[in-house]
Amino acid sequence: MSETAVREVEAGRSVRSLTYGEAVNAALRRCLSELPETLLYGEDVAKPGGVFGVTRGLRRDFGERVFDTPISESAILGSAVGAAMLGRRPIVEIMWVDFSLVAFDQIVNQLANVRYVSRGELAAPVVIRTQQGSAPGACAQHSQSLEAFFLHVPGLRVAMPWTAQDAYDVLVAAVHSDDPVLVIENRTLYTGKQDVMLDGPVQPLGGLRVRREGTDATVVTWGAITARALQAAEALAGRGVSVEVLELPWLNPLPTDEVLASVRRTGRLAVLHEANVTGGFGAEVVARVAGAGVALRRPPLRLGLPDSRVPAAPSLVAGLLPDAERIAAQIEDLTHEN
Amino acid sequence: MSETAVREVEAGRSVRSLTYGEAVNAALRRCLSELPETLLYGEDVAKPGGVFGVTRGLRRDFGERVFDTPISESAILGSAVGAAMLGRRPIVEIMWVDFSLVAFDQIVNQLANVRYVSRGELAAPVVIRTQQGSAPGACAQHSQSLEAFFLHVPGLRVAMPWTAQDAYDVLVAAVHSDDPVLVIENRTLYTGKQDVMLDGPVQPLGGLRVRREGTDATVVTWGAITARALQAAEALAGRGVSVEVLELPWLNPLPTDEVLASVRRTGRLAVLHEANVTGGFGAEVVARVAGAGVALRRPPLRLGLPDSRVPAAPSLVAGLLPDAERIAAQIEDLTHEN
Amino acid sequence: MDTGGMATGGTATGGTDDQVLADLREVWRMRAFEEKVRELRLAGDAVGSIHLGIGQEAIAVGAAGLVRDEDAVFATYRGHNWAMACGVAPAALFGELLGRATGINGGRGGSAHLTAPAHRFFGENSIVGAGAPIAAGAALAGRFDGSGRVALTVFGDGAMNQGAVHEAMNFAAALNLPVVFVCENNSWSELTPIEEMVRDPRLHRRAAAYGMPGERIDGNDPAVVRERLGAAFAVAREGGGPTLVEAMTARLVGHYIGDAEQYRRPGELDEARRREPVVVLGDRLRAAGVGEDVIDGAERAAREEMERAAAEALAAPLADPANVKEHLYV
Amino acid sequence: MDTGGMATGGTATGGTDDQVLADLREVWRMRAFEEKVRELRLAGDAVGSIHLGIGQEAIAVGAAGLVRDEDAVFATYRGHNWAMACGVAPAALFGELLGRATGINGGRGGSAHLTAPAHRFFGENSIVGAGAPIAAGAALAGRFDGSGRVALTVFGDGAMNQGAVHEAMNFAAALNLPVVFVCENNSWSELTPIEEMVRDPRLHRRAAAYGMPGERIDGNDPAVVRERLGAAFAVAREGGGPTLVEAMTARLVGHYIGDAEQYRRPGELDEARRREPVVVLGDRLRAAGVGEDVIDGAERAAREEMERAAAEALAAPLADPANVKEHLYV
Ligand SMILES: Cc1ncc(C[n+]2csc(CCOP(=O)(O)OP(=O)(O)O)c2C)c(N)n1
Ligand SMILES: Cc1ncc(C[n+]2csc(CCOP(=O)(O)OP(=O)(O)O)c2C)c(N)n1
Ligand SMILES: [Mg+2]
Ligand SMILES: [Mg+2]
């Protein structure tokens, strides 16, 4: 934890300059402190403090409630389901989202069914922290963006915070929730200081962030690629195109009404995600807008990975994932009347 | 295999009265005969002939190429990947699609990457046969429709044949293809005789079936629930509403152009699937239609499981999955101008 | 029962006559319950795949008295016996299988996904092997809640080849969790014999891979089960961690109701019927001089109880779809 | 190397001096390759997570001569040594790590997902344990193509706790497939020690669970590896099915390039360096009277070769995105 100055904001709250990774750490620290039923475990999370250092110091400060596990994702996730049924509040880490697939059963067939099948007699307040996305040099098995899988699992909440503040707030909310929540972080976001307000009230699940207001088009996005949406919007502002950027830290619950309201105003919609386009969650956003009968001035646009595996070489990934310039060009195109 | 009369149709082809299950059996028999590199294995498929009897007689007739395995889906799927890399053409069974989740890694991270990462130096011509869907009394872990997961996996072909004829043709095409293919059957379809033409030429992957022509609305659907779409269309015909029903035996490749052409004609779209609506593949169909700028007279409709786990009691499932009457009512509503 | 040449752990002391009779009564309650279920399924009152544990009751009966209030039991789709061993009322189980509003899960679970936390029954699981890591988690919770909980998880011989079971056993052993792994070895996995699916069918020996004790016992005798599972519970309660117990038994019926059982070896069932719990316990009572009327009374009482419970369930309303969307989220 | 009190199978006969020298040269080629990779990574020419097998080379070197044309090798993300053992050209490997068009996979695989089927190297795998069942499939294919193929799959100590490895071992044993399972036990799984993640750290003993032979060997001596893996290959070729070989070794560097290695025990690395392959082989040559110039020559030649290969790769063009969408489907 960085030892930067702490400013008092209001009673009991403070703003600190933290990286995203440190904000996650602060949220975990808070939850471990205020919720004695929390457990924190996963591969390398305890004594080593996590492969990205995100859980550093928590074993030292919280002892046996924080522990390392074998490389056994089915056991990690399955035991979290069982511990949660019996009153614990496990926070488990799956190091990369890609690895969740060796134990996907425990999420889809087990975790998500607990409350429903027992009619609420049991709950499974498990938080699964993972991280995903493409980063230079990473291989095809360490580069996927898989949120769409989890968003097709009723019973499971899903968040994908982009800022350090949301990383903190979302995780605190997730741990306090009695629903199972998957929080998808992104290792490319872990560094870089941002101001983060700590110790605020626990927020409800859901909500969206208007990262930029605009009138000509709405871009709906989430995760690390939000930065490119904002760069594109900035570039387009210089070309006289006003783009509204909605960033969704929570994807389930999905803030449908807010998205619809924006698209109704701008009349144009683009959805941008790092995941593959076909079957991606962008389709859901488009389908909700279309299904609501929002009148669009141009057909909606979906931007993302163009249905490909992810190659390791950065020059190859650059040929697949749209950069800010390509995003800008496509949105500009969208704003031309046909 | 039923011993019904065999009519000669053209040279080398014959029409037989077969159940869907028997049609699958006939396709497997044909592939095992004409492609010596095929293997057929899975839990209970060989000596017992499959829990649904679909693979009956194949062990007897093809010997060691047809074998039973331990209850080890990761080993079944992983070994299929390896055998395929080394020149075999494995056809493996995952008894219920729900069980694929214990070994989802082998499909997403392994099978789908083989050709791409090796730039075609390796291929993985694996066919995974499975079956899915809700049936009376089945529990939440045996009732899911999960095609959307697989349709978000670039590199993997996906089919969901509805008729016995397509069950035969799709499977023959899948086994002959050098792409990995997931064929999703449905145990509620296995019985009931239909005429099936055998031994025709191997068909290309893809295509769609116009199960009913119509002018007022297009219903895009796949799998067992197609029957309800047709019942609804029939009911609506009596009320003066003309519904076109497009059934998609192949979902990847997706016959986008044909869907667009129909929707352009009718100006109204409903997508119907047994899977959950949010994140379901219906969203992709809607997003493709919207993205293509097809002018719709009414907002598109998505019908399916309303984002729920699946309860066991038939009376409860009936409260979730739309029946023909509810489907008809919703489509009728769609055809009313607002 | 084929113990594969291994010494079978545990000796059938048999307990007192009272205990033997009580065991027989419990076996009969489970048996009568499931025979009634079969009748209801064949009549079409119950629908779907239903897996009976007829012939395997002695394991659940032997375990029942060992499970304390703080403990947790995890079973499979073949779990009616275990739900009853935990004390779930037969009428609530019938109701569940019949899709009634009065079912223990209001019809949401069905035969294969029953759950009754108030009875320490944390449920069946229809994914082979998936319950084992969940049970490890229940034991883990006990480390922090001061309960001293032991988690018992039961699964079949075929489940031993599933990755999740391996991970759960290593996890429990490495973390020294109080888990009792019970493998009900009925020699079949659906329609396939276990001995063709493993090289060494002495499955309890796999415990050594995880550094935990493992033994094979006679799973047709509640007294043996009680003693040997009791030892495993004691180890777990004393901080000794997990144990694997392989209980040899036989499924006297099909894998599911309707299974044609064409895979059976000649004479297999006849032999199994000579060693099944009702016979084992009946013979023991007879040898101790207990009269036939008392022995028959166990069956009669059980059948009467189950007829009443089934009638009660049949009279209840079907599960009401009005609330079917509730309880997905908080 | 801690053999955990177990007798270590295999005796280091050491082979002829020629063989020892050849082994040292191969170890040095791998070592020099990876040290150059580290340099390129730290300079930013290569990017991303790169896992080195420095200190573990003897296992791949010992295995190399056993792998026939028809065989197939499956490795992990820590697989550079194995790719080289299979004969992949260093320039093509450097190219791959540097994202060059000339990389063995044109930049698609990267350090952690290399594949070179023409060299019998069916690739690395970055999902822990996932290569084991795939290797079983390669062996299965050999049963039908008349090749007599043996599949070798290598993974780490930590991977022994992954479900897929369990399933693969049982599958191979039950089907009697010619698979050689090689566990490179470097005592660490990323930043966590294996002895805290299992109750019994003698991992080779898990072979018994599957009814297959298993042994622990000195993985720092190519001669031992050649002999003991050779025996496993012989069993496999003769129809005896799979074997598990646990090769004890040490990773002398971080889990990935950049790992701060704060988890190391005091003195751990010093001790490991005294037993590492370069030392083992160098001492053996010295004892046999081979001169320092010859011994040093192995290193010199290797470094020169790798400098040239790296330069060649660096001079090649970056992978061209023009074709990046190809080869997804037929
Ligand atoms: C992961 C998974 N694979 C396959 C199945 C299908 N299946 C249900 S029961 C069963 C056999 C299990 O055999 P065993 O573990 O011996 O238990 P038993 O049924 O004999 O009690 C199989 C293969 C499943 N439910 N889950
Ligand atoms: C299924 C899965 N879980 C976790 C990881 C992350 N991970 C990569 S390497 C590693 C440690 C593996 O340890 P070991 O098997 O001993 O091999 P070593 O790295 O020591 O060669 C882990 C946990 C992964 N790649 N895949
Ligand atoms: Mg069994
Ligand atoms: Mg290791």
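Throughout, a chain's letter reflects where its sequence line sits, starting with A, and its residues are numbered from 1.
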Max heavy-atom pair count under 4.5 Å with chain D, selected residue of C:L175, C:L203, C:V198, C:N170: C:N170
Closest approach of C:S189 to C:D157 (non-hydrogen atoms, all atoms of both residues): OG-OD2, 3.2 Å
Shortest non-hydrogen contact between D:A173 and D:Y210, atoms and distance: CB-O, 3.3 Å
Toward chain D, the part of C:P133 with a non-hydrogen atom under 4.5 Å: neither
Check: D:N185/D:R202 side-chain N/O donor and acceptor closer than 3.5 Å: no
Modelled atom types, side-chain donor and acceptor of C:H51 and C:S111, under 3.5 Å: no
Heavy-atom pairs under 4.5 Å with chain C, option from D:M169, D:M212, D:Q162 with the top count: D:Q162
